[in-house]
Each structure stands twice: as C-alpha cells, then as structure tokens.
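Okay, so here's the structure we're looking at.
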Amino acid sequence: MDRRIPPGLSGRIPLAVIVVDGTGLVSHWSTGARKLFGCSKEEAVGRPAVDLLPVSGALNSAVADESGLDDFGPELDVSLSGATSYPTAGRARLFDDCHGGGADREDGAVDVLWWAYPLVGPGPERLLVLAADATQLRSSPDSGPEQDTEDDAQPAHGVAGEFERIAPGFALHTEFSGADQLAKRLPEILPSMNPAESARIVSQVLELGYPVLEFSQHDRVPVTPDWGVPRRDERRARQRAAAAAAQLDPQAADPADLAPDLEYAAVREHLEFLNEVSARIGTSLDLARTIQEVSAAVVPRFTDVAGSYLREQVLAGEGFPDGPPDVTTMWYRVAVEHTDEPGRWDDVVPVGESMPFPEHTPFFQCMTSGQPVLVPRISEQMGNAIAAQFEKRDISPLINNRSMLVVPLKARNVVLGFMILLRHQERAVFNDMDKATGAEFAARAGLVLDNARMYTYQENVADTLQDSMLPHITPRMPGCDVATRYLPGTRLGRVGGDWFDTIKLAGSRLALVVGDVMGHGLNSAAMMGQLRTAVQTMAAMGMPPAQLLRNLDDLAQRLGEHYLATCLYAVYDPIESELVISNAGHIPPVLVRAADGRSELLDVPTGAPIGVGGVPFETVTVPVAQGDRLVLCTDGLVEVRGQDIGTGLAALCESAAHPAASMDDACDTIIRALNPRGGRKDDVALLMARLNGIPRSDVATWQLARHPREAAHARRLTRATLRDWDLEEVSETAELLVGEVVTNAIRHAGTSEVELRLVRADALLCEVTDDDHAVPVLLNTGPEDEYGRGMRIVSRLARQWGTSRTAQGKTVWFEQTLPRSASRRWR
C-alpha cells in the first residue's frame with residue numbers, strides 16, 4: 001500500500017498553528033488559525049481551546065456520506081483535555097464559532113484536517129495543534145487516470161489516512177522564541193524534511209506568521225500510529241460492514257476483503273517501529289546510557305510506562321549471570337520512563353531500588369520462562385497483589401485497570417533482566433501482535449545491553465590489571481614526598497606499558513623510576529610487569545643505575561626482539577643531597593629549584609632504549625637542595641602528533657614551575673596544562689618528588705669493631721642519641737633491636753668494621769652494614785636452639801625491616817614508628 005502523496009496533490013496548503021497550555025487555554029494563535037477559524041489573535045488567546053476548536057463528536061453517516069469525509073482517531077477535545085500523551089490526528093466538520101468569519105462556506109461549515117502533538121519542556125505549553133482546510137486537498141481534474149473514483153471523491157480521505165505517520169515519540173521543547181530549537185525538531189513532524197528546509201519553514205512560521213504545509217507526491221503527511229488509536233481503514237471497514245448488513249450500501253465491500261490490507265498495514269507499522277528503535281538504542285557502549293536508551297525507546301509510541309530491571313551481575317559489569325533466576329534473585333530497577341505528570345512514579349518506584357519477585361507473578365513467569373507475558377487488563381485483585389510487594393507504598397492506583405506486557409531482556413538464552421510495559425486506560429490494550437513486537441524489541445535490547453555489559457566487564461578487567469601492575473606508593477618517605485598520576489590513553493586501550501615506581505635502598509636512599517614499553521594492550525602491560533619486577537629486584541641488590549639498565553637491557557633481549565622500552569632510573573640520597581641518574585632512551589627529567597622557582601631540563605645522556613642492545617649507559621650526578629622538585633613523566637604527556645616534542649617539553653617546564661599548595665595540586669596543574677581536553681591517545685605516567693633532604697643533625701654514624709662487647713656499646717650509643725633527640729619514649733625498643741642486628745653482623749662479618757647509622761625522619765631508621773654478602777633470614781627455632789631468634793624479634797617489633805646488598809656486602813635495616821609529637825615536625 002503506497003502511502004505517499006497521490007499524483008495531483010502537490011502544492012502548498014495553509015496551516016493553522018495553535019498552542020494550548022496546561023490549563024487548556026490558547027497561548028498562541030497564528031495568522032493561519034485566524035483565516036481558518038475566523039477568530040482574531042486577540043479574541044483567541046486566553047480562551048479555552050475547546051470553545052474555539054469545536055471539532056469533537058463523531059460525524060454521523062449522513063454527513064460523512066455527503067461530505068465524503070469520515071473522522072478517525074480520538075476527537076480533538078480528548079487531546080485538548082490532556083487525556084492523551086501520544087500524537088493524535090483526525091478530521092471533522094467545523095461549524096464556525098467566531099463571527100461567521102471562517103473559511104468561505106455557504107453552509108458555514110469547514111472540513112478540517114488536524115494533528116495534535118503533546119509537548120514537553122520547561123514552559124507552560126502542553127499541546128501543539130496543526131489544522132488545514134481539507135477542501136484544498138481535493139485533486140485537480142487532470143490529476144490522472146491512476147486515481148480511483150473514491151479517491152477523486154474523497155481526496156482528503158487519502159491524505160489523512162493513507163500517508164506516512166510521524167515518529168510518535170515526538171516531544172517538542174516549547175520555547176517558541178527559539179527558532180533554532182523548533183527547526184531541529186520539525187523534521188520529526190515531517191520525516192522527509194531536511195534541516196535546511198525546516199529552518200526556512202520555521203522562519204516563515206515565526207517571523208512571517210503564515211505557516212504552510214508544503215508537500216509533493218514524494219513527501220509524507222504526518223499522521224499518528226495505530227497503537228491505541230483506531231485506524232481509518234479499520235473504522236471504514238466496520239462502517240461498510242454495518243451498512244452491508246443493513247442493506248444500506250449494496251455496493252459495500254465485505255470487511256474480509258480489507259483484512260489483508262489491514263494486516264499488511266499493522267505489520268508494516270510494527271516493523272517500522274522496530275526499525276526506528278533499533279537505530280535509537282546501542283549508540284554507546286556505556287551501560288548506564290544504554291539502559292536509558294532502551295527504556296526511552298518505547299515511550300510513548302509503544303507504551304505509556306516502561307520500567308527496566310536488571311540482575312545484579314549485569315549492573316555491576318561482572319561476568320555472565322550464573323544459573324536461572326529464582327525467588328532469591330535480586331532485580332535492580334535501573335530506569336522508569338513514563339508520560340504521567342513529573343514525579344508521580346519517582347517516589348513510589350524509585351530508580352536504584354532492588355527487590356526479588358515472588359512466584360505466581362507475571363514478572364517471575366517472564367524471568368524464569370524467558371517468554372513475554374501479556375495481561376490485557378490488570379484487575380483490581382492482581383493490582384493489589386502486585387502492590388503488596390512494596391512495603392509502605394501503594395502502587396495499585398498506578399497500575400490498576402492498565403494493560404501490561406512483561407518482556408524478557410535476553411542474550412545468548414540467558415535472562416539479563418526484563419521490562420514492565422503499561423498502557424493508559426484510554427489506549428487500546430496490548431494484543432498478540434504487540435506481544436510479538438515487544439518480544440522482538442526486547443531481544444534486540446538484550447543484545448545491546450549485553451554488549452554494554454561485556455564492554456563494562458572488559459573495562460573492569462583492564463582497570464584491575466592496570467591497578468595491580470602499578471605500585472601503591474607511600475606519599476611520604478624519609479627525606480622525600482612523592483605524588484603520582486596515571487592516565488590511560490584511550491577507553492578502548494586502558495591497559496598500557498607506562499609505569500612508575502619508588503624503591504627504598506640502603507643508606508636512606510630512594511630510587512625513582514619511570515618507564516614506557518612501546519605499544520599498547522595486554523602484551524605491553526605484560527612486558528611492563530616483567531621489567532618493573534626486574535628493576536625492583538636489581539635495585540634491592542644495590543646495583544648502580546648504569547649497571548641496572550645494562551642488566552635490564554640484557555633481560556629484554558632474552559625476552560624477544562620486539563621487547564623495547566624506555567626507562568629513567570634515578571637514585572636520591574637525602575643525606576648527601578644529590579641525584580644519580582641514568583637514562584635509557586627516555587625523555588629527560590625536569591628539576592624545579594626551590595630557591596628561585598626556576599625549572600630546567602636536566603642534561604642527562606639519553607642512551608638507547610631497553611632491548612636495543614650493545615649500547616653503553618652513562619651516569620650523571622646532580623646536586624640538589626632542600627625543597628627542590630623532580631618531575632619524571634612518559635612521552636604521552638609531552639608528545640603530540642604533528643608537533644615537535646621540544647614544544648611539549650617546554651610546556652612541561654613551564655607548568656612544573658607554577659607554585660602549588662600541595663604535591664597533588666602541582667601534578668594536577670601539569671596534567672591540565674598539557675592535556676587540556678583529554679585528547680591525547682598515549683598513556684601518561686607522571687611522578688613528582690619533593691626532595692626535602694635529611695639534615696646532618698638528624699643522622700648519627702659509628703664504626704664498630706668486630707668484638708662481642710660492641711653490641712652493648714651500640715645500645716649505649718643508641719640510648720644517648722635518642723635522649724638528645726627527645727625520643728626516650730622509643731629508646732628501650734630501639735636498643736633491643738639495635739643490639740640484635742649488631743650482634744648478628746659482628747657474628748657473620750669478615751675483616752672489616754661494622755657500621756651503625758641512626759636516622760631521624762618521619763620514623764626512626766636504623767642501618768647496620770658489614771662485608772658479609774649472606775643476607776639474614778627468619779628461622780624456625782625450638783626451645784633448645786641457641787641461635788635464630790634475633791631476626792624474629794626484629795620482625796615482630798619493627799614497623800618494617802629488610803636487607804639490601806651492596807658492592808662490599810650487605811645492609812640490614814629496620815624502621816620504628818615514632819610518637820605522634822615527634823613525627824609531626826616531618827609532616
């Protein structure tokens with residue numbers, strides 16, 4: 001059935017444009033309305049619309065036969081009263097109500113076609129009514145032989161019924177002063193209109209005050225859908241059947257002859273709905289946005305209320321739900337869309353609530369069978385039973401006497417959720433075709449939701465993997481404060497090869513590391529994890545920076561020829577106030593001087609990336625002062641495609657020099673300056689260290705002879721030093737631990753002396769160094785064992801302890817927590 005304009009009906013038809021507010025009064029009355037209905041704008045604005053547009057009431061058969069017109073759909077006064085929440089259309093005979101000044105008719109009557117569109121928005125307007133003189137749509141005498149006799153006699157009949165309907169979800173924002181907004185929405189009234197044409201029409205409507213409906217045989221005229229609105233074909237068939245039964249129309253056709261056409265039209269209507277909503281859902285892989293799209297796609301065209309429920313695993317972005325749902329399954333209400341007054345559903349069935357559904361309910365039947373469940377009309381008994389599930393809330397007024405369809409949201413034969421669809425009482429009840437359409441829509445929506453769920457799950461896996469590979473760095477360490485940032489390059493490549501790290505070393509030193517594995521994805525992340533572990537292991541062995549990078553390069557070559565990475569390794573000595581740095585193909589660090597706020601790129605030989613092989617690495621020593629800040633980052637922060645990297649490095653120096661209230665603020669300043677719109681595609685790793693240093697007055701060092709009595713001497717030295725530092729409160733435990741570590745060193749040392757050092761920072765740090773390369777370990781000791789208890793005591797009483805290899809031997813260290821009053825001076 002061709003629903004386009006028949007030949008001979010091309011032209012321009014003046015339109016009346018009327019806007020009705022929420023109280024039923026006219027708030028806009030166009031020039032076209034004045035010419036069609038006879039009332040001036042001054043007379044119409046502020047009056048009840050039903051008084052000015054008396055087109056309600058069915059046409060009787062005699063009038064219909066005489067005029068060649070019949071009405072269809074709900075009468076206009078139904079829409080004017082606000083009883084409908086979906087677009088409607090109709091045709092009737094208007095008898096002039098204003099001075100007899102309407103269209104020029106001998107009998108004072110006008111045959112009118114009208115379209116009514118509910119409006120939503122912040123303004124008071126609630127209904128847009130378009131109307132046209134039906135007689136101007138009559139075809140010309142030379143319209144062509146292809147039109148049949150009936151269409152020649154009733155051309156407006158074809159215009160109103162045979163042509164394409166609008167998108168029924170149309171909701172126009174009603175700030176009529178904004179022509180641009182109306183122009184954007186006009187193509188939804190006339191689907192074939194392009195934006196440029198709509199802008200011209202809106203200009204004509206709002207500026208010239210004389211709107212027209214332009215159409216040709218290729219255009220479509222806006223008419224409403226058939227859901228809840230009796231179609232013209234259906235009513236025509238009923239009238240012909242009644243006339244034939246009464247032998248009033250001997251040439252009336254059997255309604256069975258029209259059944260194929262009606263069925264074809266209904267099927268086409270539903271297929272168009274499915275095609276339209278398929279284009280509206282799944283525009284994003286974001287689960288929350290997808291949920292909203294799915295819920296909004298069916299309101300108000302297919303239903304008046306849509307409530308969406310999902311299983312907990314789906315909402316959390318976890319794996320596929322295990323097993324079929326049962327009475328213990330928790331269902332989360334994720335969206336409620338409706339055409340009722342705002343807030344009516346929000347308090348009774350709020351979004352975010354979770355609840356199970358008992359057996360013997362349509363919801364449980366749908367979720368367990370995976371099939372749609374149709375309830376043509378919710379009885380009062382069923383409504384009360386459903387309302388009983390909601391504690392202290394009576395939802396029965398919201399659902400009683402409404403038609404209900406429950407459809408499952410499935411993917412791969414697993415029920416992810418379901419939708420509860422309700423229609424208002426004035427609309428037609430859901431039928432078997434609606435049930436099939438709802439099931440098909442739910443199947444498509446289920447796949448879209450499952451795609452979003454899988455994407456969310458993969459994002460969670462990627463985030464977990466990335467978080468597990470990046471260290472959780474302590475912000476305050478002896479002589480140094482650290483702040484870090486990590487930004488994934490893209491949402492589709494959240495796992496990358498950038499990393500940073502801080503490693504405690506012997507002698508109160510701290511290693512600062514930043515690296516970047518070439519490439520993206522899981523392979524790069526896996527290589528990054530291996531290299532980071534190797535750096536930590538070699539740093540604990542006390543390797544100098546250049547030797548560490550040399551060994552790391554050898555490891556990368558053994559892992560494979562495609563393993564390439566850059567790495568910058570710096571060792572900060574807070575007591576000596578110096579940095580020792582080696583670089584393997586990485587961008588240079590930035591040093592911000594505390595004295596004058598000046599920033600500079602440190603001149604560090606670049607070297608070759610890790611994995612190239614055969615290239616030596618150099619080491620430089622940089623003196624620093626208390627309060628200086630060192631900035632290390634990966635090239636994703638400073639490198640932009642098509643731009644010289646020097647520009648990015650200059651911007652890094654400039655932003656790093658900006659004063660900030662805290663280390664975190666300083667990092668955020670750099671990120672905002674170099675990544676203003678978040679448009680960089682590469683990962684970004686940023687590490688900033690404020691080099692506070694440790695004053696010499698907070699360090700005490702002694703050389704102890706290899707003699708058993710030196711353990712007692714070490715305890716006395718510790719007691720006297722802690723007394724001078726006002727740390728007598730921790731002296732007893734510190735003496736015990738120092739005695740155990742020194743005794744162990746004297747017992748296993750070679751020929752050299754044993755060095756004892758105490759450092760006061762945010763904790764008390766004790767280091768004992770000897771020339772023995774064998775590191776102490778914890779032993780299982782029995783009651784009769786003479787040795788092996790010393791390190792177990794250290795492990796139990798110290799906050800942290802460990803060992804570090806040195807070129808000459810090893811260092812055993814432990815940290816002891818200081819009282820709050822003593823540690824406050826370091827914060």
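These numbers come from a predicted model, not from an experiment.
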What's the shortest heavy-atom distance between [X] and [Y], and which atoms?
| X | Y | value |
| --- | --- | --- |
| S655 | T669 | O-CG2, 4.1 Å |
| L764 | A734 | CD2-CB, 4.0 Å |
| L756 | C766 | CD1-SG, 3.7 Å |
| Y572 | G693 | OH-N, 3.0 Å |
| C667 | M688 | SG-CB, 4.0 Å |
| A711 | I746 | N-CD1, 4.2 Å |

Return yes if some donor-acceptor pair links the side-chain N/O of [X] with the main-chain N/O of [Y] below 3.5 Å, else return no.
| X | Y | value |
| --- | --- | --- |
| T718 | E735 | no |
| R760 | I694 | no |
| D772 | V775 | no |
| D724 | T721 | no |
| D771 | Q808 | no |
| S599 | C653 | yes |
| D481 | R690 | no |
| T733 | V730 | no |
| R550 | V615 | yes |
| E815 | A763 | no |

Check the side chains of [Y] and [X] for a donor-acceptor pair under 3.5 angstrom, ignoring hydrogens and angles.
| X | Y | answer |
| --- | --- | --- |
| D664 | S662 | no |
| N744 | E740 | no |
| T634 | D498 | yes |

With heavy-atom distances below 4.5 Å as the criterion, would you say the side chains of [X] and [Y] are in contact?
| X | Y | result |
| --- | --- | --- |
| N583 | H586 | yes |
| L602 | V590 | no |
| T484 | L686 | no |
| N551 | L555 | no |
| V513 | T502 | no |
| I645 | V638 | yes |
| W499 | L531 | yes |
| T811 | T803 | no |

For E576, which residues count as a side chain to side chain donor-acceptor pair (under 3.5 Å) partner, sequence neighbours excluded?
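Counting only residues at least two positions away or on another chain, E576 forms a side chain to side chain donor-acceptor pair (under 3.5 Å) with R696.
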Checking T701 against E755 for the side-chain contact (heavy atoms from CB on, under 4.5 Å) test, could you report, in this order, the C-alpha distance in whole Å, the side-chain angles of both residues, the deciding distance, and whether it holds?
CA-CA 7 Å; T701 305; E755 181 182 272; 3.8 Å; yes
Starting at [atom1] of [X], measure out to [atom2] of [Y] and round the result to the nearest 0.5 Å.
| X | Y | atom1 | atom2 | result |
| --- | --- | --- | --- | --- |
| S804 | M543 | OG | CE | 13.0 Å |
| L691 | L591 | CG | CG | 7.0 Å |
| F617 | L552 | CZ | CG | 8.0 Å |
| C633 | E639 | SG | CD | 11.0 Å |
| H658 | D665 | NE2 | CG | 14.0 Å |
| M541 | Q536 | CE | CD | 14.0 Å |

Test side-chain contact (heavy atoms from CB on, under 4.5 Å) applied to I581 and T619, step by step
CA-CA 6 Å; I581 308 174; T619 300; over 6 Å; no
Looking at D573 and R509, is there a salt bridge between them, counting it only when a charged N and a carboxylate O are closer than 4.0 Å?
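Between D573 and R509 there is no salt bridge, as every charged N stays at least 4.0 Å from the carboxylate O atoms.
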Are R723 and E728 within salt-bridge range, i.e. N to O under 4.0 Å?
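A salt bridge is absent here (no side-chain N lies under 4.0 Å from a carboxylate O).
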Provide the full list of salt bridge (Lys or Arg N to Asp or Glu O under 4.0 Å) pairs with a residue in residues 511-534, sequence neighbours left out, each pair given once.
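Qualifying pairs: D501-R532.
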Would you say [X] has more than 12 foreign heavy atoms packed within less than 6.0 Å of its [atom1]?
| X | atom1 | answer |
| --- | --- | --- |
| D603 | CG | no |
| Q800 | CD | yes |
| Q530 | CD | yes |

side-chain contact (heavy atoms from CB on, under 4.5 Å) between Y569 and V535, intermediate numbers included
CA-CA 9 Å; Y569 184 86; V535 170; 4.1 Å; yes
So among R747, K810, H748, which one has a side chain to side chain donor-acceptor pair (under 3.5 Å) with D770?
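Per the side chain to side chain donor-acceptor pair (under 3.5 Å) rule, the option paired with D770 is K810, out of R747, K810, H748.
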Dump the intermediate steps for side-chain contact (heavy atoms from CB on, under 4.5 Å) on L601 and L649, then the final yes or no.
CA-CA 8 Å; L601 285 173; L649 291 174; 4.0 Å; yes
